[in-house]
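Side chains are part of it too, since the values below use all heavy atoms of this structure and drop only hydrogens, waters and symmetry mates. Chain letters run A, B, ... following the sequence lines, proteins first, then strands; residues in each count from 1.
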There are 2 protein chains.
Amino acid sequence: MSQSDTVKRILDAAEELFAEHGFAETSLRTITTKADVNLAAVNYHFGSKKALIQAVFGRFLTPFTKLIESGLDNRELQKPDQPLTVEEILQFVSRAIAGVSEGDRKRLAIFMRLAGLAYTQGQGHLRKYLQSEYRGIFRRLMSLITKATPDLNPVERFWRFHFMLGATAFTMSSMESLQAIVEHDFETQSTEEEIVAMLLPFLAAGIRAQ
Amino acid sequence: MSQSDTVKRILDAAEELFAEHGFAETSLRTITTKADVNLAAVNYHFGSKKALIQAVFGRFLTPFTKLIESGLDNRELQKPDQPLTVEEILQFVSRAIAGVSEGDRKRLAIFMRLAGLAYTQGQGHLRKYLQSEYRGIFRRLMSLITKATPDLNPVERFWRFHFMLGATAFTMSSMESLQAIVEHDFETQSTEEEIVAMLLPFLAAGIRAQ
DNA sequence: TTTTGTGTTAAACGTATGTTTGAAACAGTT
DNA sequence: AACTGTTTCAAACATACGTTTAACACAAAA
């Protein structure tokens, strides 16, 4: 058999390098060197650098959203009439995070940093790709949060949702360096679970402010 | 006389283009074309593109931090013994933001996006430059927040402070695209001032959760 | 008027990038 | 062994970039 693992090696290298340096600053030569494959392999297997960026996202995001969806499906089957609280919704997401990051924690930080970059560096193709590919889960979460916060006006809810997103993405992406600071300044360790446990009440309180 | 305004024209163009497309994605040719000056003018007046980026930041960063500091100084002179609340602290920051962009609505959006980009794109020279420029005001704000949240244990306060930072940085850096979504989905406009007005209570509620 | 210094300009330089190419290597099938 | 489709490889290609250069413009000083 000896099936080629070139594609996987490229994705692994690209994922890490994109997260570290951004998209524009990471060249295909750097990626292929790190992956130890030929330069032309990216264009052969993915077609273009843009397509590679999208593939990096797809590999992480698809199983992640599936985990959230199946959790929500389960809950809706068991208690169909009882609407979810904000805390419950957030817990499904955090459980999905824990599920995906199980095995290698590094990938979670990498992906969150990528997600942040996608918003700031995504010149169009990436934003469009994410929007078209993951519209479903986004709308579902948004509608659940709407039911959980009936008194909020829609525009304010939209913004608060993104405030939550920002706090989460930023924290996850800079988790490693922040943990180092905590260890140095407070002589304590903050595990990933503890950080998430601190983050959730912060988010829940924020979205229900006033 | 006929004093050259080339430097100002370059800074204006660069500021706007950086905010719109990011640093790496904005070429000197685009900047000098928009500024209607010769390509070589940037290297002549600033030395390099990196130096131009720092100059763009310096032009608004210096008055910005001065505004915060003087606001805090004033308040401490008038009510020296009464500690500030979290809301008050955040309001000094947001007032400084508004003050820097006074008269020019567009400038606020540019400023916010640049501030956000500094967090996500500031890899080497920019981060170092900002750190040396920002350290004083950062420490001062941190110490004020400590006094405003005496019941919080230090580690949790550290994390919540960075949750706030994350929500802010993310929102600022992706403000433009989020505003477009709001306009499309809700047929309303969210001005930068309104967004900040929504962000502050979210942050204050979050840091005081439970 | 000549000189000097500052700023501008068009052109070129060197380098790095994403992409394409055509030959070679390989694996599986007949 | 011969054939076939897929994958790899070194090399080249075209383009865009930041930077440098040397000639030029022009105002102020000598």
Legend entry - Distance in angstrom units between B:Asn43 CG and C:dA12 P, rounded: 18 Å
Legend entry - Ring centres under 6.0 angstrom apart (A:Phe161, A:Phe138): yes
Inset, instruction - Give the rounded distance in Å between these two atoms: NZ of B:Lys50 and C1' of D:dG18. - result: 12 Å
Legend entry - Sub-6.0 Å ring centroid separation between A:Phe202 and B:Phe163: yes
Legend entry - Nucleotide nearest B:Tyr44 (side chain, heavy atoms from C-beta), chosen from C:dT19, D:dT19, C:dG7: C:dG7
Inset, instruction - Could you state the atom-to-atom distance from NZ of B:Lys49 to P of D:dT20 in whole Å? - result: 15 Å
Inset, instruction - Mind calculating the distance between CD1 (B:Ile10) and P (D:dT19) to the nearest angstrom? - result: 13 Å
Legend entry - Contact under 4.0 Å: B:Ser27 side-chain N or O vs D:dC17 OP1/OP2: yes
Legend entry - N or O in side chain of A:Thr6 less than 4.0 angstrom from D:dT8 OP1/OP2: yes
Legend entry - Non-hydrogen side-chain atoms of A:Thr168 and A:Leu199 separated by less than 4.5 Å: yes
Legend entry - Interatomic distance, B:Leu52 CG vs D:dT19 C1' [rounded to whole Å]: 14 Å
Legend entry - Donor + acceptor pair across side chains of B:Thr30, B:Ser27 (<3.5 Å): yes
Legend entry - Nearest-angstrom distance from the residue atom CZ of A:Phe23 to C1' of C:dG18: 17 Å
Legend entry - Distance below 4.0 Å between A:His45 side-chain N/O and D:dT6 OP1 or OP2: no
Inset, instruction - Check whether any side-chain heavy atom of B:Trp159 lies under 4.5 Å from a side-chain heavy atom of B:Leu152, and answer yes or no. - result: no
Legend entry - Length of the CD-P vector between A:Glu25 and D:dG18, whole Å: 12 Å
Inset, instruction - For the pair B:Glu87 and B:Arg208, find out whether any cationic side-chain nitrogen is under 4.0 Å from an anionic carboxylate oxygen. - result: yes
Inset, instruction - Could you list by number each residue of residues 32-41 of chain A showing a heavy-atom separation from DNA chain D of less than 4.0 Å, or answer none if no residue does? - result: A:Asn38, A:Ala40
Inset, instruction - Look at the side chain of B:Arg29 and decide which nucleotide, out of D:dT8, C:dG18, C:dA12, has an atom nearest to it. - result: C:dA12
Legend entry - Whole angstrom value for the distance that separates C1' of D:dG18 from CD1 of B:Ile53: 12 Å
Legend entry - Short N-O contact, A:Arg140 and A:Glu76, less than 4.0 angstrom: yes
